[in-house]
Number of protein chains: 2
Amino acid sequence: MDRNVFKIDKLPTVRRLPAYLHILRQLARCDEKFVSSAFLAEKLNIEPILVRKDFELTRVAGTPRVGYSISGLIASIEEFLGWGEDLDAILVGVGQLGASILGYRELMDFRLRILAGFDSDPEKVGTAVHGVPVFAVTRLEELLGRLRARLAILTVPSADAQNITDLLVSSGIRGIWNYTSENIVVPADVITQKEDLASGLAVLCVKMSRNMPSPL
Amino acid sequence: MDRNVFKIDKLPTVRRLPAYLHILRQLARCDEKFVSSAFLAEKLNIEPILVRKDFELTRVAGTPRVGYSISGLIASIEEFLGWGEDLDAILVGVGQLGASILGYRELMDFRLRILAGFDSDPEKVGTAVHGVPVFAVTRLEELLGRLRARLAILTVPSADAQNITDLLVSSGIRGIWNYTSENIVVPADVITQKEDLASGLAVLCVKMSRNMPSPL
DNA sequence: TATTTATCGATATTTTTTTATCGTATAGCA
DNA sequence: TGCTATACGATAAAAAAATATCGATAAATA
Ligand SMILES: NC(=O)c1ccc[n+]([C@@H]2O[C@H](COP(=O)([O-])OP(=O)(O)OC[C@H]3O[C@@H](n4cnc5c(N)ncnc54)[C@H](O)[C@@H]3O)[C@@H](O)[C@H]2O)c1
Ligand SMILES: NC(=O)c1ccc[n+]([C@@H]2O[C@H](COP(=O)([O-])OP(=O)(O)OC[C@H]3O[C@@H](n4cnc5c(N)ncnc54)[C@H](O)[C@@H]3O)[C@@H](O)[C@H]2O)c1
């Protein structure tokens, strides 16, 4: 199935890694040295055994009666995710959502560095949003030749998503973090990740309707 | 395991339902009447058989050589998710992200109606953001007594997440759509859904690092 | 030093999810 | 009407993920 070239296993584990990382960093800031699977499980509302299973991926060995080395885990998870060094990206569509992402401080935790924004609105071109310069989308190809970014955040209106995607791909972007509601089409060697708020809401709604006695 | 009171199965299916719904509505707008599992699978980059399995949940029967009734599927999925009627909600923390959600037009597709915003910033109280009135967070309990909303969208700074959660819970909120990076703690009968951007980025990063020959 | 206790980690089991197989139903068409 | 191609759907199989069991190890304590 060539559509699944980029299928990876242990995907649920990968999805949990950032959550572990977040807690581990908090602990590290409090000068904690070790943490148990039970502690992390409690925080994340999962089973301790699942935490230990996930940590097999990190190759960090825990010690009985003590737990895992926090710094060891952090280093290993960061390395696994490639979050040890800055991750250069651009953002296309500096609208409401785009601007809020540019101003999202905690994004630095993932070492994501947004080098430039691109927009079609002449009013926005030439300005800086939260310190990030905004360029005309027409200059995308030209500027991407100079920037090292291979990752793009897509926050244009859904109707423009495919057009801009095509432009991004032909300009050398290899990964697209897609916030639009469109299912964009890319060549086989380009990775996309769709951020779908609706699916989270769907889960919430189903859980609420299933287990709540009263309507909604 | 009482933490899993609200565990539901077929969760991956539930997560995909909004994506089906989105495409089905597009088709309906084009006056299409029927759709095949192969068509939807192609759009979503999944296998047709998975679409058919998912549709078992809708109890809509497809007809060979024709496919599924689009209107039937839409009605069934909406009913399943409870998206057939307006879903009243409030939003706490009318900052960058909060404001962008309030201005998110496509949110109406889920029939989510945000009745009010709440914020601690006196500058924001009394204003309207994208037509939604913003009240002081101190009036939350009082106003929730009058509003029918049982769902809250949480977009306050992460440091305030737990405090506000406690307030929401004691004010009668039963479901919290949590956009902060905190793992909030709630009583057993309250549902939370954490929207974690980091996990999407993690998946993207891992996919990119795994299958790209060149670094990043 | 022996005992107790917490916690890991190897292995096995169960559950859930995805994918495959193949018979069946139906629309279109000769 | 009978043939053919298409798409479903029941059943089975495979794969993946989560959970359980339990022995081993190391810290704390007596
Ligand atoms: N606002 C939200 O909370 C939210 C949430 C989830 C997803 N989204 C998605 O994010 C996208 C943007 O939503 P928004 O609310 O920020 O809309 P918006 O209209 O505020 O922002 C869109 C921006 O893209 C720019 N733009 C339009 N066409 C362009 C083009 N061809 N090239 C470059 N830039 C272009 C516009 O000038 C504008 O600045 C939509 O696809 C929406 O579905 C938004
Ligand atoms: N900006 C993003 O793109 C983004 C993305 C994902 C998650 N988040 C999360 O969303 C949250 C908000 O982020 P933001 O970028 O919008 O920050 P922000 O500072 O722009 O917005 C926070 C808002 O909450 C209000 N507030 C603060 N304390 C409050 C309280 N006790 N009660 C009520 N309101 C209060 C502030 O006045 C402000 O209006 C954070 O937890 C962040 O982690 C943001």
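For the numbers below, each heavy atom of this structure counts, side chains included, while hydrogens, waters and symmetry mates do not. Residue numbering restarts at 1 for every chain, and letters A, B, ... go by the order of the sequence lines.
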Applying the side chain to side chain contact (heavy atoms under 4.5 Å, CB included) criterion to A:V137, which one of A:N163, A:D119, A:I164 satisfies it? A:I164

Protein-nucleotide distance (B:F34, atom CZ; C:dT26, atom P), rounded to Å: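 Taking CZ of B:F34 and P of C:dT26, I get 13 Å after rounding.
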
Show the nearest heavy-atom pair for residues B:G200 and A:R15, with the distance to one decimal. N-NH1, 4.1 Å

A:I49 side chain: which of D:dT19, C:dT17, C:dT7 is closest? D:dT19

Nucleotide nearest A:Y68 when distance is taken to its side chain, options C:dT26, C:dT19, C:dG9: C:dG9

Spacing between A:F55 atom CZ and C:dT7 atom C1', to the nearest angstrom: 14 Å

Any side-chain N or O of B:R52 under 4.0 Å from OP1/OP2 of D:dG9?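 No, B:R52 has no side-chain N/O under 4.0 Å of OP1/OP2 on D:dG9.
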
Look at A:R16 and D:dA18 and indicate whether a side-chain polar atom (N or O) is within less than 4.0 Å of OP1 or OP2.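 Answer yes for this pair, as a side-chain N or O of A:R16 is under 4.0 Å from OP1 or OP2.
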
Nucleotide D:dA17, atom P - distance to CD of A:E47 in whole Å: 18 Å

Classify the nucleic acid contact of A:S37 as base, sugar-phosphate or nothing, counting any heavy atom under 4.0 Å across all strands shown. sugar-phosphate

Applying a 4.0 Å non-hydrogen cut-off, can you work out what B:A61 is touching in the nucleic acid: base, sugar-phosphate, or nothing?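 Contact class for B:A61: sugar-phosphate only.
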
Quick one, A:D88 with A:R150, criterion salt bridge (charged side-chain N to carboxylate O under 4.0 Å, His left out). Give me CA distance, side-chain angles, the key distance, then yes/no. CA-CA 7 Å; A:D88 291 337; A:R150 288 293 166 269; over 6 Å; no

Please step through salt bridge (charged side-chain N to carboxylate O under 4.0 Å, His left out) for the pair A:E79 and A:R59, ending with a clear verdict. CA-CA 12 Å; A:E79 194 209 327; A:R59 303 185 156 277; over 6 Å; no

Heavy-atom nearest nucleotide on DNA chain D taken for B:V35 and for A:D9; more 5' hit belongs to B:V35

To the nearest Å, give me how far apart CG (A:D54) and C1' (C:dC8) are.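 A:D54 atom CG is separated from C:dC8 atom C1' by 15 Å.
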
CD1 of B:I8 versus C1' of D:dA18: gap in Å, rounded? 16 Å

Is A:R65 close enough to C:dT5 that one of its side-chain N or O atoms is under 4.0 Å from OP1 or OP2 there?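 No, outside the criterion.
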
Across the strands shown, which category fits A:K10 at heavy-atom distances under 4.0 angstrom: base, sugar-phosphate, nothing? sugar-phosphate

Report the distance from atom CD of A:E42 to atom P of C:dT7, rounded to the nearest whole Å. 13 Å

A:F55 and A:V60: CA distance, side-chain angles, deciding distance, side chain to side chain contact (heavy atoms under 4.5 Å, CB included) verdict: CA-CA 7 Å; A:F55 285 179; A:V60 173; over 6 Å; no

Between A:V66 and A:L50, which has a closest nucleotide on DNA chain D that is more 5'? A:L50

